[in-house]
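Step one of this worksheet: look at the structure below.
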Amino acid sequence: IVGSTGQVGHKFLVQALALSNIYSSVYALSRAALPSDLDKDFTGSFQNVVSKDVVEAYKAEVPSTDVFFSGLGTTKALAGGKENQYKIDHDMNIELAKEAKDHGVKTYVIVSAMGADSSSSIFYNRMKGEIERDIIALNFDKTVILRPGMII
């Protein structure tokens, strides 16, 4: 699970840890440490991989898994502009998806956005559409794209 400290990624993480009967191990990639009691009821193996470079951390520290969840994303304001937001939302997600494919991941789950369209004139919708297009092109056995409305 990447993006574990954000609103969406954290929800993925909490749900995965609640499903010990489905997931025997969970790896949470984050740039900051997660609360230490987060996995108190999880009966499997849980590891929080903390690194400023989550792509390199994934390559080096996470073994092959069946499912990869990405809740990675930011806002234009937090990123400091559209260019930086694109680097995080698009480029980093695509790098991670390529690594996931190389790691043997079968199912790739990513949060996109309602209105995602790679040909949109609206920056955010176009960026999300380009992410979807580029991940679909990697041809995972199963790709799940979630398109929620505005996340508040």
### Test item: N125 side-chain N/O and S118 main-chain N/O as donor-acceptor pair under 3.5 Å
no
### Message
Is the shortest side-chain heavy-atom distance between I110 and V144 below 4.5 Å?
### Response
no
#### Entry: Closest contact, heavy atoms only, I88 versus A79
CD1-CB, 4.4 Å
### Summary
In terms of heavy-atom contacts, V26 and A16 come closest through CG2-CB, 4.1 Å
### Task
Could you tell me whether the side chain of T107 reaches within less than 4.5 Å of the side chain of V109, counting heavy atoms only?
yes
### Message
Distance check, rounded to the nearest 0.5 Å: M92 atom CE versus D53 atom CG?
### Response
7.0 Å
### Query
Any Lys/Arg nitrogen of E95 or K98 sitting under 4.0 Å from an Asp/Glu carboxylate oxygen of the other?
no
### Heavy-atom pair of closest approach, residues G129 and A116
N-CB, 3.7 Å
#### Entry: Minimal non-hydrogen separation, V2 against V54, with atom names
CG2-CG2, 4.2 Å
### D39 side-chain N/O to F42 backbone N/O, donor-acceptor pair under 3.5 Å
no
### Message
With a 4.5 Å cut-off on side-chain heavy atoms, are I145 and I136 touching?
### Response
yes
### V105 and D66: CA distance, side-chain angles, deciding distance, side-chain contact (heavy atoms from CB on, under 4.5 Å) verdict
CA-CA 5 Å; V105 167; D66 295 327; over 6 Å; no
### D89 with K128: basic N within carboxylate O range, under 4.0 Å
yes
### Task
Enter the distance from K40:NZ to F46:CZ here, rounded to the nearest 0.5 Å.
12.5 Å
### Y86-E130 side chain donor-acceptor pair, cut-off 3.5 Å
yes
### Task
Grab the two heavy atoms, one from S70 and one from Y108, that are nearest each other, plus how far apart they are.
CB-OH, 3.8 Å
### Task
Check whether the side chains of S119 and D117 place a donor and an acceptor atom closer than 3.5 Å, and report yes or no.
yes
### Worked verdict on D134 versus H90 for side-chain contact (heavy atoms from CB on, under 4.5 Å)
CA-CA 9 Å; D134 295 345; H90 178 275; 2.6 Å; yes
### Task
Could you tell me which non-hydrogen atom of I1 sits nearest to which non-hydrogen atom of G9, and how far apart they are?
CG2-O, 3.8 Å
## Note on the structure
Output for pair (S4 OG, F12 CZ), nearest 0.5 Å, gives 10.0 Å
### Message
Evaluate Y124 against Q85 for side-chain contact (heavy atoms from CB on, under 4.5 Å), listing each step before the verdict.
### Response
CA-CA 9 Å; Y124 186 79; Q85 183 183 20; 3.9 Å; yes
### Query
Linking I/L/V/M/F/W/Y whenever their side-chain heavy atoms sit closer than 4.5 Å, directly or via other members, would Y23 and L34 fall into one cluster?
yes
### Query
With a 3.5 Å cut-off and no angle check, do the side chains of S30 and N48 form a donor-acceptor pair?
yes
## Note on the structure
Contacts of S121 meeting side-chain hydrogen bond (donor to acceptor under 3.5 Å, both in side chains) (sequence neighbours excluded), chain-then-number -> none
### Message
Checking the side chain of H103 only, and the main-chain atoms of V62 only, is there a donor and an acceptor separated by less than 3.5 Å?
### Response
yes
### Task
Determine whether I131 and V111 fall in the same hydrophobic cluster, where Ile, Leu, Val, Met, Phe, Trp and Tyr are linked whenever their side-chain heavy atoms lie under 4.5 Å apart.
no
### Message
Between L78 and M127, is there shared hydrophobic-cluster membership here, with clusters defined by ILVMFWY side-chain heavy atoms closer than 4.5 Å?
### Response
no
### Greater than 12 external heavy atoms within 6.0 Å of R133's CZ
yes
### Message
Quick check: is F123 connected to M114 through a chain of hydrophobic side chains (ILVMFWY, heavy atoms under 4.5 Å apart)?
### Response
no
### Query
Would Y58 and F68 count as a close aromatic pair, with their ring centres under 6.0 Å?
yes
### Summary
Rounded to the nearest 0.5 Å, the CG atom of L29 sits from the CG atom of L72 at a distance of 9.5 Å
### Message
Quick one about E132 and S112 (side-chain donor to acceptor, distance below 3.5 Å, no hydrogens or angles considered), yes or no?
### Response
yes
### Task
Assess whether side-chain contact (heavy atoms from CB on, under 4.5 Å) is satisfied between E99 and I94, documenting all intermediate values.
CA-CA 9 Å; E99 287 301 323; I94 300 309; over 6 Å; no
### Query
Would V14 and V50 show up in the same hydrophobic cluster when neighbours are defined by side-chain heavy atoms closer than 4.5 Å?
no
### Message
Taking the six-membered ring of F140 as reference, does the cationic atom of K101 (NZ for Lys, CZ for Arg) lie under 6.0 Å from its centre and within 45° of its axis?
### Response
yes
